[in-house]
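For reference, the structure discussed in these notes is given below.
Heads up: numbering here begins at 1 and tracks the sequence.
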Amino acid sequence: MFFTHSELIAITRMALYISGADGKHHQKETNAITSELRRFGVGHEESASIITRSLMMSFDEAVQTISDFNMEEKRYVTAFLGVLIMVDENIAPAEMDMWRKISSKCNLPTMTLQDAYQIMLSLSR
């Protein structure tokens, strides 16, 4: 799977919406986001740039970008955002609500947190 720079920015934007939904930004969440960017060949300095640029992207712009993904890419995005909810070991209702909102707006596949975990685990092998 390959994502363009602008697609990674949109994914990161949604990840930051999930991360901030509970009103707290945990280092574990930031680490998970940068770790995922590394999966796609993004180095440390470029990660900071992507995060900064994602903060300038509107929700609607990120929705428009992700909505155009194919089903495999959408499945990845859904799983990544789901795992991000769990990474701080506190599943906040606000994060779950944000995951549902993003999934609905972007027409992402429905899955449970367990499904998300299993998908992301399989990508690590």
Original post:
ring pair (Phe, Tyr, Trp, His ring centres under 6.0 Å) between Tyr76 and Phe69: does it pass, once the steps are laid out?
Top reply: CA-CA 10 Å; Tyr76 162 77; Phe69 287 2; 8.9 Å; no
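Rounding to the nearest 0.5 Å gives a distance of 6.5 Å between CE of Met120 and CZ of Phe80. The line from CZ of Phe2 to CG of Leu8 is 7.5 Å long, rounded to the nearest 0.5 Å. With values rounded to the nearest 0.5 angstrom, His5 atom NE2 is found 5.5 Å from Glu46 atom CD. Between the CD atom in Glu72 and the CZ atom in Arg75 there is a gap of 8.0 Å [rounded to 0.5 Å]. To the nearest 0.5 angstrom, Leu108 atom CG is 11.5 Å from Glu73 atom CD.
Sorted by first and then second residue, the side-chain hydrogen bond (donor to acceptor under 3.5 Å, both in side chains) pairs involving residues 56-66 (not counting sequence neighbours) form an empty list.
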Show every donor-acceptor pair shorter than 3.5 Å between a side-chain atom in residues 81-96 and any protein atom, with sequence neighbours excluded, or say none if there are none.
{"residue": "Asp88", "atom": "OD1", "partner": "Asn90", "partner atom": "N", "Å": "3.0"}
{"residue": "Asp88", "atom": "OD2", "partner": "His26", "partner atom": "NE2", "Å": "3.2"}
{"residue": "Glu89", "atom": "OE2", "partner": "Lys28", "partner atom": "NZ", "Å": "3.4"}
{"residue": "Glu95", "atom": "OE1", "partner": "Ala92", "partner atom": "N", "Å": "3.3"}

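Side-chain N or O atoms of Lys74 include none that pairs as donor or acceptor with a backbone N or O of Ile66 at under 3.5 Å. No donor-acceptor pair under 3.5 Å is formed between the side chain of Arg13 and the backbone N or O of Ala62. Within the 3.5 Å criterion, the main-chain N or O of Asn31 finds a donor-acceptor partner in the side chain of Thr34. Not one N or O on the side chain of Ser19 forms a donor-acceptor pair closer than 3.5 Å with the backbone of Ala15.
With contacts defined as side-chain heavy-atom distances shorter than 4.5 Å, the pair Thr78/Ser103 qualifies. When side chains are defined from C-beta on, Glu45 does not count as touching Ser49, because their heavy atoms never get closer than 4.5 Å. Contact of the Ser47 side chain with the Leu37 side chain is registered, since non-hydrogen atoms from C-beta on lie closer than 4.5 Å.
When the salt bridge (charged side-chain N to carboxylate O under 4.0 Å, His left out) test is applied to Arg39, the partners found at least two apart in sequence or on another chain are Glu36. The salt bridge (charged side-chain N to carboxylate O under 4.0 Å, His left out) search around Arg38 returns none, not counting sequence neighbours. Contacts of Asp97 classified as salt bridge (charged side-chain N to carboxylate O under 4.0 Å, His left out), with partners at least two apart in sequence or in another chain: Arg100. With sequence neighbours left out, the ring-ring contact (aromatic ring centres under 6.0 Å, His included) criterion links Phe59 to Tyr17.
Of the residues listed (Ile18, Ile11, Leu16), the one engaging Ile33 in a side-chain contact (heavy atoms from CB on, under 4.5 Å) is Leu16, and it is the only one.
Counted within 6.0 Å of CZ on Phe40, heavy atoms from surrounding residues, nucleotides or ligands total more than 12; the atom is thus considered enclosed.
Nearest heavy atoms, Ser54 versus Thr12: OG-CG2, 3.5 Å. Met14 and Cys106 get closest at one heavy-atom pair: CE-SG, 4.1 Å. A pairwise comparison of heavy atoms in Ile119 and Met111 identifies CD1-CE, 3.5 Å as the closest pair.
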